Asks: 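Let me begin by handing over the structure; questions about it come next.
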Amino acid sequence: MDWIETLIVAIVEGLTEFLPVSSTGHMIIAQNLLGVPQGDPFVHAFTFIIQFGAILSVVCLYWKKFFQFDHSPVPAGSSMWQKLKHKYYFYWLLIVGVLPAVVIGLAAKKSGLLDWLLDSVEVVAVMLVVGGIFMLYCDKLFNKGSDDNQVNERRAFKIGLFQCISVIPGVSRSMATIVGGMAQGLTRKRAAEFSFFLAVPTMAGATLLDLLDLMKEDASWATTHNITMLIFGCVVAFVVALLAMKWFVGYLAKYGFKAFGIYRIIVGSIIIILLLTGHSLVMVD
């Protein structure tokens, strides 16, 4: 990947990471349009690693919430574990929420399913349309959230199960987890914020796993150029995601998912039509 390709893909990632339109799906589409070779181990890793760059914007924007500790009195007679869980409850919820993704993600990667999905623009197109149709109605289905409802262990785990669906490119991790939160009675805003928080350990784990796999298979990828592209891509994705996330929370709380659903259906349908009529998405040689 060259500078222009890296810049464009990183901007696409930053804009779409927190929107319910599938950032991975959009990066796969962008890479195909740019003529970036699919199936290359470095391209696969790049697709995940720059997502972590975008995810770090959560820590920056919500640093007060992300580094919160409960200093309220602990009930008398509590065990050491109960005291620790009480103080670090926020982080415990993230651990509970990320566990399903760890199990499903590792299984998908070891089976080779994940790499196959990342190479399939057809899967992305179909899931964009399917997810878009669902989003036209999900506000009516789950719009019963209450400000009194908080994220607890049970809700965190169920949201984590919803997150597993996003192993399929085109589904959108953001959409899956926000809908998962709304299905548990959370408001759109609270569900979106927990989705952002949960993304940090999820993408940190995926990034670390991809880096380890790259180092084990063939360290020849670690050229000065590739490492520079990774750093550059992460920085661009971080800055763009920071701006996009602030806008998205306000928009989602006020208007819901419908506009994103329409967008997904249009984009997915265009790609399906192009593929069915024998056209290639590769526009740049």
Side-chain angles (χ1 to χ4, degrees), residues 16-25 48 51-52 55 58 66 85 88-118 123-124 126-128 130-146 148-210 248 252 256-257 260-261 264:
T16 59
E17 177 59 46
F18 299 106
L19 304 185
V21 296
S22 177
S23 61
T24 302
F48 279 105
Q51 289 184 65
F52 182 62
I55 293 300
V58 175
F66 202 81
K85 193 170 77 168
Y88 302 104
Y89 190 59
F90 172 75
Y91 304 101
W92 171 242
L93 291 177
L94 295 185
I95 293 173
V96 171
V98 82
L99 281 176
V102 171
V103 175
I104 300 299
L106 285 175
K109 190 167 184 64
K110 288 185 178 181
S111 68
L113 175 63
L114 189 57
D115 288 338
W116 177 79
L117 289 171
L118 287 173
V123 171
V124 172
V126 170
M127 295 313 300
L128 281 174
V130 172
I133 294 172
F134 171 76
M135 289 170 66
L136 295 180
Y137 303 99
C138 69
D139 285 316
K140 293 182 180 179
L141 290 172
F142 302 115
N143 196 19
K144 298 179 181 179
S146 169
D148 294 330
N149 292 333
Q150 304 287 333
V151 179
N152 54 28
E153 292 166 325
R154 177 180 58 83
R155 288 180 175 135
F157 184 76
K158 289 184 177 181
I159 293 171
L161 291 175
F162 272 84
Q163 180 172 240
C164 294
I165 305 172
S166 64
V167 71
I168 307 173
V171 169
S172 170
R173 192 206 65 81
S174 176
M175 182 191 79
T177 50
I178 293 174
V179 169
M182 291 168 61
Q184 302 307 308
L186 302 180
T187 61
R188 285 196 293 247
K189 182 177 180 180
R190 183 160 289 161
E193 289 182 345
F194 187 72
S195 170
F196 299 161
F197 299 148
L198 188 58
V200 177
T202 302
M203 295 313 302
T207 298
L208 179 61
L209 186 61
D210 275 304
F248 173 60
L252 181 67
F257 285 105
F260 298 108
R264 288 173 63 108

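All of these numbers come straight from a predicted model, not from anything done at the bench.
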Asks: Once side chain to side chain contact (heavy atoms under 4.5 Å, CB included) is applied, do any residues pair with Leu252, and if so which ones, sequence neighbours excluded?
Replies: Ile178, Arg188, Ala192, Phe248, Phe257
Asks: So which atom in Pro100 and which in Gly160 form the shortest heavy-atom distance, rounded to 0.1 Å?
Replies: CB-O, 3.6 Å
Asks: Quick one: do Phe157 and Glu153 satisfy side chain to side chain contact (heavy atoms under 4.5 Å, CB included)? Show the steps, please.
Replies: CA-CA 6 Å; Phe157 184 76; Glu153 292 166 325; over 6 Å; no
Asks: Any chance you could measure Thr177, atom OG1, to Leu161, atom CG, to the nearest 0.5 Å?
Replies: 12.5 Å
Asks: In Å and rounded to the nearest 0.5 Å, what is the CD1 to OG distance from Ile165 to Ser172?
Replies: 11.0 Å
Asks: Using a 4.5 Å cut-off on heavy atoms from C-beta on, say whether the side chain of Tyr89 contacts that of Asn152.
Replies: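 In short, these two side chains touch, coming nearer than 4.5 Å.
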Asks: Considering residues at least two apart in sequence or located in another chain, which fulfil the side chain to side chain contact (heavy atoms under 4.5 Å, CB included) criterion with Ala156?
Replies: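 Testing Ala156 for side chain to side chain contact (heavy atoms under 4.5 Å, CB included), a comparison that skips the adjacent residues, returns Leu93, Val96, Val151, Phe194.
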Asks: Return the CG to CZ distance between Leu19 and Phe260, rounded to the nearest 0.5 Å.
Replies: 5.0 Å
Asks: Return the minimal non-hydrogen interatomic distance between Val179 and Cys138, and the atom names on each side.
Replies: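 Closest pair (atom of Val179, atom of Cys138, distance): CG2-SG, 4.5 Å.
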Asks: So, Arg173 side chain and Ser23 main chain: donor-acceptor pair closer than 3.5 Å or not?
Replies: no
Asks: Phe18 and Val58: side chain to side chain contact (heavy atoms under 4.5 Å, CB included), yes or no, with the steps?
Replies: CA-CA 10 Å; Phe18 299 106; Val58 175; 3.4 Å; yes
Asks: State, to 0.1 Å, how close Ser22 and Gly170 come at their nearest heavy-atom pair, and which atoms those are.
Replies: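 Where Ser22 meets Gly170 most closely, the heavy atoms are OG-N, 2.9 Å.
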Asks: What heavy-atom pair brings Val171 and Arg264 nearest, and what distance separates the two atoms?
Replies: O-NH1, 3.4 Å
Asks: Mind checking whether Phe134 and Phe142 have parallel, tilted or perpendicular rings, split at 30° and 60°?
Replies: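 Aromatic pair Phe134/Phe142 classed tilted.
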Asks: Kindly say whether Asn149 contributes a backbone atom to a donor-acceptor pair with the side chain of Arg190 at under 3.5 angstrom?
Replies: yes
Asks: Locate the shortest heavy-atom distance separating Leu128 from Val21; write the atom from each residue and the value.
Replies: CD2-O, 3.3 Å
Asks: Got a donor-acceptor contact below 3.5 angstrom from the Arg155 side chain to the Gln150 backbone?
Replies: yes
Asks: Within a 6.0 Å radius of atom NZ on Lys85, are there more than 12 heavy atoms belonging to other residues, nucleotides or ligands?
Replies: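 Enclosed.
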Asks: Taking all non-hydrogen atoms of both residues into account, name the closest pair between Phe162 and Gln184 and its distance.
Replies: CE1-NE2, 4.4 Å
Asks: With side chain to side chain contact (heavy atoms under 4.5 Å, CB included) as the test, would you mind laying out the steps for Ile159 and Leu198 before giving the verdict?
Replies: CA-CA 9 Å; Ile159 293 171; Leu198 188 58; 4.1 Å; yes
